[in-house]
Amino acid sequence: MHGAVLKFKSIKGTRDILPDESHRWQYVEQAIRSVMHRFNYKEIRTPVFEETSLFARGIGELTDIVGKEMYTFIDRSETSLTLKPEMTASVMRAYIQNNLGEQQPLVKVYYLSPMFRQERPQAGRLRQFHQYGAEATGGTSARIDAEIIALAMEVYEALGIKNIELRINSVGCPECRPHYKEILKEYLGKVYDKLSPESQRRLEQNPLRILDSKDEKDRELTRDAPLMLDHLCKECAAHFNELQDSLRLLHRTFTVDGRIVRGLDYYTKTAFEIISSDLGSQDALAGGGRYDKLVEELGGKPTPSVGFAAGIERLLMVMEHQQIAIDNDIHPDVFIAAPDDEGRRWALAAAMTLRHAGIPCEIDLLDRSLKAQMREADRQHARFVLVAGASELQQNAAQLKDMRTGEQRTLTLSNLPVELKELQRDSGKTQ
RNA sequence: GUGUCCAUAGUUCAGUUGGUUAGAACGCCAGGUUGUGGCCCUGGAGGUCGUGGGUUCAAGUCCCACUGGACACCCCA
């Protein structure tokens, strides 16, 4: 090592997904896509950044996300841009911009994408993290809410995840929420002095939050506090009843939790969370709800919508915790080992022939000894090793070794791909 | 943004009241007779002890700062 070595490191709160774990990601991504497909949701991809004002407007100026967590920067043309901290605002922007609602009345889309929030990292929380989610735009029926919830739950079931809990609530609408807020403020105002400093601060800005406090004393004080659920307007109450009815039709068990508060301003009526006890303090696997005012807030025609977002890192954490095995099936079926130079020259071309024939194949590219090549083949979990040196090639032949049984026999090279294809099929059956 | 704990080979860790050339396991590489993996045996490579200051005759070991990590608060996926 010479000279000053400047060590580059990944940015705080970001991490690499390394070759040994990427298959886990591919596996869950494939499961997610498969479920989305069955529910007839189509993928939407939006840019990683947007105009800052889209998020400020869509998520809410007073939210933590907008207030202190966004990655915002000024580009060379003096425009303020922000790396997306969540997807819903972007999706609704795309919905409006591309007139998706004009082509069909109900638009169902899903996404799978990195998100960015500048928070202090901890278990289940990164600065760049990955979410998948879905949005159904264009309908008011609580049956759509139920479908979205069922869809979110389905992914966990498809992956064999256990011990998750579904909690639902209604956060009301612009009709009934303001009334309720006043009632709650009045109730909490009486015990203001006893509230935690955090909650005192919250009383004006976001009194609903206080119900969700982790502080023991706050919990005690709010035990009998009035809940939104008991102050819903007629429409919201009916919607919430229909939601529960729909969930029962789908045989989904749920608990009604009047204290669920969503962090984003745009929610109306339905709010839900999917919780796992196998996570740390950040125990929400997924969260979502209805946001009937967002589209018009962003300048579109009034259009109701429901959706959810779920974290992939947290999903993987739970799977790991529950020891759900994910096989890594990325390995060569055949390793071509060459004992001499002539073998090496042949192997280079032979490997390509096999690959073109659809057989995953590896060769030694480091001029290693035959023993080292065998070791490598074993490490890579190659099912077969093909050994061919000058002497075999002269006979137009090669040795084929079955790495599981250790048996070895001579193969004729003329129909090599065909023979290996057969072996590949046979071993596939027995696996 | 706040708090607590932490930072030694590729990885997981040990390192005695500060005292000579910093260790182990696993991994990696090479051998164990001719061209054959796993198990076993032998040997080898690999660390300016996160970075920068300070205290001391002497610092991986003590002090400070910075950076990074883990966890929790806030909040959220």
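The sequence lines fix the lettering, A, B, ..., with proteins before strands; numbering per chain opens at 1. Worth saying up front: this structure is predicted, and the values here are computed from it rather than measured.
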Between C73(B), G37(B), A77(B), spot the one nearest the side chain of Asp378(A), thanks.
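It is G37(B).
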
Candidate nucleotides U36(B), C74(B), C71(B), ranked by approach to the side chain of Val387(A) - the nearest:
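That would be U36(B).
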
Pair [X] + [Y]: basic N to acidic O under 4.0 Å:
| X | Y | value |
| --- | --- | --- |
| Arg344(A) | Asp341(A) | yes |
| Arg45(A) | Glu43(A) | yes |
| Lys401(A) | Glu407(A) | no |
| Arg127(A) | Glu119(A) | no |
| Lys181(A) | Glu186(A) | no |
| Arg24(A) | Glu21(A) | no |

Just by modelled atom types, is the [Y] backbone N or O under 3.5 Å from a matching donor or acceptor in the [X] side chain?
| X | Y | answer |
| --- | --- | --- |
| Thr268(A) | Asp292(A) | yes |
| Gln380(A) | Ala377(A) | no |
| Thr222(A) | Asp218(A) | yes |

Mind checking if [X] touches a base, just sugar-phosphate, or nothing, with heavy atoms under 4.0 Å?
| X | answer |
| --- | --- |
| Gly280(A) | sugar-phosphate |
| Arg15(A) | nothing |
| Ile275(A) | nothing |
| Leu285(A) | sugar-phosphate |
| Glu313(A) | nothing |

Can you list the stems that include RNA chain B, where a stem is three or more consecutive Watson-Crick or G-U pairs with distances under 3.5 Å?
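Detected stem regions: B:1-7 with B:67-73, B:10-13 with B:23-26, B:28-32 with B:40-44, B:50-54 with B:62-66.
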
Tell me which of Ile11(A) and Ala309(A) sits closer to the 5' end of RNA chain B, going by the nucleotide each one is nearest to.
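Result: Ile11(A).
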
Nearest nucleotide by nearest heavy atom, which residue falls closer to the 5' end of RNA chain B, Glu86(A) or Gly13(A)?
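Nearest-nucleotide comparison on RNA chain B picks Gly13(A).
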
Looking at Gln122(A), I'd like to know whether one of its side-chain N or O atoms comes within less than 4.0 Å of OP1 or OP2 on C73(B).
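Checking Gln122(A) against C73(B): at least one side-chain N or O falls below 4.0 Å of OP1 or OP2.
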
Is the phosphate of C73(B), meaning OP1 or OP2, less than 4.0 Å from a side-chain N or O of Ser281(A)?
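Yes, Ser281(A) has a side-chain N/O under 4.0 Å of OP1/OP2 on C73(B).
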
Under the salt bridge (charged side-chain N to carboxylate O under 4.0 Å, His left out) rule, collect the residues that match up with Arg120(A), sequence neighbours excluded.
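Testing Arg120(A) for salt bridge (charged side-chain N to carboxylate O under 4.0 Å, His left out), a comparison that skips the adjacent residues, returns none.
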
Nearest-Å distance for atom pair [atom1]/[atom2], residues [X] and [N]:
| X | N | atom1 | atom2 | answer |
| --- | --- | --- | --- | --- |
| Lys12(A) | U67(B) | NZ | P | 8 Å |
| Arg127(A) | G69(B) | CZ | C1' | 12 Å |
| Asp212(A) | C74(B) | CG | C1' | 12 Å |
| Glu392(A) | U36(B) | CD | C1' | 11 Å |

Among Lys269(A), Arg290(A), Arg252(A), find the residue that satisfies the salt bridge (charged side-chain N to carboxylate O under 4.0 Å, His left out) test when tested with Asp145(A).
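Considering Lys269(A), Arg290(A), Arg252(A), a salt bridge (charged side-chain N to carboxylate O under 4.0 Å, His left out) with Asp145(A) is found only for Arg290(A).
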
Test item: Gln244(A) and Phe254(A) side chains (from C-beta on) under 4.5 Å apart, heavy atoms:
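Heavy-atom side-chain distance check passes, below 4.5 Å.
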
Whether over 12 other heavy atoms sit under 6.0 Å from Phe39(A) CZ:
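Yes, because the 6.0 Å sphere around CZ of Phe39(A) holds more than 12 heavy atoms from other groups.
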
Ignoring hydrogens and angles, are the base of U36(B) and the side chain of Gln373(A) linked by a donor-acceptor pair under 3.5 Å?
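Per atom types, no contact qualifies.
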
State, without any angle test, whether Ser90(A) and Arg93(A) hold a side-chain donor-acceptor pair at a distance under 3.5 Å.
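No, Arg93(A) and Ser90(A) have no side-chain donor paired with an acceptor closer than 3.5 Å.
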
How far, in whole Å, is [M] from [N] if one measures between their [atom1] atoms?
| N | M | atom1 | value |
| --- | --- | --- | --- |
| G15(B) | G53(B) | C1' | 25 Å |
| G32(B) | A70(B) | C1' | 45 Å |
| U2(B) | C63(B) | P | 22 Å |

Taking N or O atoms only and anything under 3.5 Å, show me the protein contacts with nucleotides 39-43 of chain B, one pair per line.
none

N/O to N/O distances under 3.5 Å, protein versus nucleotides 29-32 of chain B:
from, atom 1, to, atom 2, distance (Å)
C29(B), OP1, Arg379(A), NH2, 3.2
A30(B), OP2, Arg375(A), NH2, 2.6

Supply the atom-to-atom distance Ile148(A) CD1 to Met153(A) CE, rounded to the nearest 0.5 angstrom.
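So the gap between those two atoms works out to 14.0 Å.
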
Ser276(A) side, atom OG; Asp283(A) side, atom CG - distance, nearest 0.5 Å:
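Nearest 0.5 Å value for the OG-CG distance: 8.0 Å.
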
Give every pair of a protein N or O atom and an N or O atom of nucleotides 1-7 of chain B that lie under 3.5 Å apart, one pair per line with the distance.
from, atom 1, to, atom 2, distance (Å)
U2(B), O4, Arg120(A), NH1, 2.8
G3(B), O6, Arg120(A), NH2, 3.3

Please list residues of residues 33-54 of chain A whose heavy atoms come under 4.0 Å from any atom in RNA chain B, ordered by number; otherwise none.
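Contacts with RNA chain B under 4.0 Å: none.
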
Parallel under 30°, tilted from 30 to 60°, perpendicular over 60°: which one fits the rings of Phe308(A) and Phe272(A)?
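Correct class here is tilted.
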
